Amino acid sequence: MIRLFDASAGAVVDIVPRDEGRLGVYVCGPTVYDLPHLGHGRLALVWDVARRWWTFAGYDVRFVSNVTDLDDKIIERADREKATEGDIAATYETAWWAALDLLGVARPDATPHATAYVREMIDLIEELLERDVAYSTDDGVYFDVAKVPDYGLLAGQPLENLRAGARVEVVADKRSPLDFALWKAAIFGEPSWAAPFGPGRPGWHTECVVMSLGLLGEGFDLHCGGQDLRFPHHENERAQAAALGLPFARHWAHSGWVMVGEDKMSKSLGNYTTLSDLLASHDPRAYRLLVLRSHYRQPIEVSPATLADAERALARLDGLSRRFSLPAFAGPSRFTRADAISWSEEGEELRARVAALLDDDLDTPGAVAALFEALGRAHALADAEDDRAGDLANAIGVLLGALGLSLRAGAAEVDQESARLVAARDAARTRRDWAAADHYRDELVARGWVVEDGPTGTRLHRA
RNA sequence: GGCGGCGUGGCCGAGUGGUUAGGCAGGGGCCUGCAAAGCCCCGUACUCCGGUUCGAAUCCGGACGCCGCCUCCA
């Protein structure tokens with residue numbers, strides 16, 4: 001049984017899948033109008049970890065994440081750059097996947113695009129109009145939030161409170177400031193589609209309703225996104241499905257912010273770092289580890305100091321991999337299942353401990369702490385020449401792999417000259433010529449290696 | 001104004017009514033020819049003020065500070 005904080009319940013709840021043993025998960029993906037930043041990276045990492053873990057735990061996970069390729073911001077950018085909307089969307093979607101690939105985030109099982117679902121959106125809007133929960137104005141078609149009795153469920157407060165504080169700009173003919181655009185009437189020069197209620201283009205909140213229901217079916221298990229999508233985006237999706245009497249997401253989960261000092265990282269504050277900038281100067285695995293070491297709902301601080309911290313911690317994990325020559329356990333599209341592993345007694349104990357933590361609202365920091373404790377134990381066992389050490393180290397590698405974190409066992413390729421220096425150093429050490437041995441070590445260090453002496457002689461790895 | 005969250009040791013960051021989070025950094029020791037890696041030991045922290053309790057950082061009340069959402073936003 002897995003448990004997760006559900007925004008519609010306001011509490012951590014048991015996740016009982018619609019279909020036993022299967023999980024249908026929908027994550028609201030990017031609007032492709034600019035480069036992804038660290039916040040997007042965290043979102044992707046959090047749900048990638050969840051997906052991998054639930055798969056590991058035995059669920060057959062169907063993971064859908066959309067790409068919004070139709071939006072005001074894309075149109076604005078296309079205008080500004082004298083490009084087509086399609087070009088802008090294609091450019092930034094490419095950048096999105098490139099960044100996620102580097103982070104080791106597995107591709108979703110399906111990545112629906114808004115522009116491919118306009119027909120379905122039109123049908124849905126038409127039905128909302130027929131049911132009188134939507135109305136037409138000169139601007140387009142709006143959803144009448146007052147028609148949904150429990151509007152505000154995800155926001156955690158009733159409609160009156162939301163309205164009282166609404167900072168929404170007044171748009172002509174809207175019945176309530178909270179009513180949202182289902183359809184935006186065509187403006188010359190902008191992309192538009194023909195529809196019974198007039199030419200135009202869909203508003204943002206409809207695409208996810210159509211695509212999630214279309215690909216995962218009614219009453220799918222989990223709908224995820226960043227905290228900011230809880231309201232109004234997810235609320236508005238819910239409202240549409242509710243108005244049509246369609247069973248929608250059973251549970252709603254949201255990941256927390258990346259903070260810059262005291263502020264949320266955001267486009268509008270301009271305090272963001274793009275993923276490509278981060279990944280140009282840091283091991284992508286360090287960011288994954290940083291994300292894993294805080295709870296997914298808490299804010300995290302990403303700074304040179306916290307990244308350096310994560311990189312040193314990562315070096316310890318790689319050290320374990322080197323000592324025990326562990327194989328690679330994780331890959332971009334490589335998933336592991338616990339029942340496909342034959343667990344040693346040591347390994348099973350660790351697996352159970354980690355599973356208890358991760359099954360309960362994805363306690364990744366607890367799991368990482370348990371894995372680090374086990375790491376110390378594995379080394380200590382090895383120091384004592386206890387052969388359970390290898391089993392434990394292997395289990396640690398498998399479990400880190402289950403979270404999408406791969407370890408490096410050592411230098412993949414040692415060039416000929418370096419190999420010669422290693423041999424020369426080992427020879428010098430055998431004849432106890434310490435001056436020569438130190439000289440060869442200096443040479444190797446100058447070539448960028450970290451030099452370690454082990455039972456089998458000099459070993460190299462990259463700093 | 002409404003709703004939600006946060007305030008932990010040098011730093012990051014979990015958690016539980018009373019028994020070690022974990023990592024990084026720092027100190028001591030072991031190992032090593034010297035290193036590196038690794039192991040062992042060391043910090044007695046929890047914004048403040050009250051209250052409940054045998055006992056609270058953990059529960060309740062209040063204060064202060066901070067953040068987020070209520071508008072596009074991961």
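All values reported here derive from a predicted model rather than from experimental measurement.
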Residues of residues 375-398 of chain A with a heavy atom under 4.0 Å from any atom of RNA chain B, listed by number, are A:G376, A:H379, A:A380, A:D383
Expressed as a whole number of Å, how far does the C1' atom of B:A74 sit from that of B:G26?
37 Å
Using a 4.0 Å heavy-atom cut-off across all strands, classify A:R425 as base, sugar-phosphate, or nothing.
base
When you get a sec, tell me which of B:U71, B:G2, B:C67 is the closest nucleotide to the side chain of A:Q157?
B:G2
Select base, sugar-phosphate, or nothing to describe what A:Q227 touches, counting heavy atoms under 4.0 Å on all strands.
nothing
Between A:R3 and A:D361, is there a side-chain N and carboxylate O pair less than 4.0 Å apart?
no
Given B:C70, B:A14, B:A74, which nucleotide is nearest the side-chain atoms of A:F231?
B:C70
Is the phosphate of B:A37 approached by A:R323 (side-chain N or O, under 4.0 Å from OP1 or OP2)?
no
Listed partners of A:D72 passing salt bridge (charged side-chain N to carboxylate O under 4.0 Å, His left out), at least two apart:
A:K184, A:R201
Please list residues of residues 285-312 of chain A whose heavy atoms come under 4.0 Å from any atom in RNA chain B, ordered by number; otherwise none.
A:R293, A:S294, A:H295, A:Q298, A:E301, A:T306, A:D309, A:R312
Which dot-bracket string fits RNA chain B when only Watson-Crick or G-U wobble pairs with both atom distances under 3.5 Å count, crossing pairs get [ ], and | stands for a partner on a different strand?
(((((((..(((.....[...))).(((((.......)))))....(((((..]....))))))))))))....
Rounded distance in Å between the P positions of B:G51 and B:A14
32 Å
Verify the contact: side-chain N or O of A:R459 to OP1 or OP2 of B:G38, cut-off strictly under 4.0 Å; return yes or no.
no
Mark this stacking check for A:W434 against B:G33 as yes or no, applying ring centres under 5.5 Å and ring planes under 30°.
yes
Just jot down the side chain to side chain donor-acceptor pair (under 3.5 Å) partners of A:D391, sequence neighbours excluded, or say none.
none
Picking from B:G22, B:G33, B:A74, which would you name as closest to the side chain of A:H40?
B:A74
From the candidates B:C73, B:C72, B:G33, the one with an atom nearest any side-chain atom of A:A437 is B:G33
Are OP1 or OP2 of B:A74 and a side-chain N or O of A:K264 less than 4.0 angstrom apart?
no
Hey, is CD on A:E81 packed in by over 12 heavy atoms from elsewhere, all under 6.0 Å?
yes
Minimum-distance nucleotide to A:R316 side chain [options: B:C73, B:C3, B:C39]:
B:C39
Rounded to whole angstroms, how far apart are OH on A:Y151 and P on B:G2?
20 Å
Looking at B:G2, B:C34, B:A21, which one has an atom nearest to any side-chain atom of A:D438?
B:C34
Pair A:R107 + A:D48: basic N to acidic O under 4.0 Å:
no
Touch check for A:V258, heavy atoms < 4.0 angstrom, all strands: base, sugar-phosphate only, or nothing?
base
Please determine if a side-chain N or O atom of A:R441 lies less than 4.0 Å away from the OP1 or OP2 oxygen of B:C34.
no
Among residues at least two apart in sequence or on other chains, which ones pass salt bridge (charged side-chain N to carboxylate O under 4.0 Å, His left out) with A:D138?
none
So which nucleotide from B:C72, B:G23, B:A74 ends up closest to the side chain of A:W204?
B:C72
Can you identify which nucleotide, out of B:C70, B:A35, B:A37, has its nearest atom closest to the A:P232 side chain?
B:C70
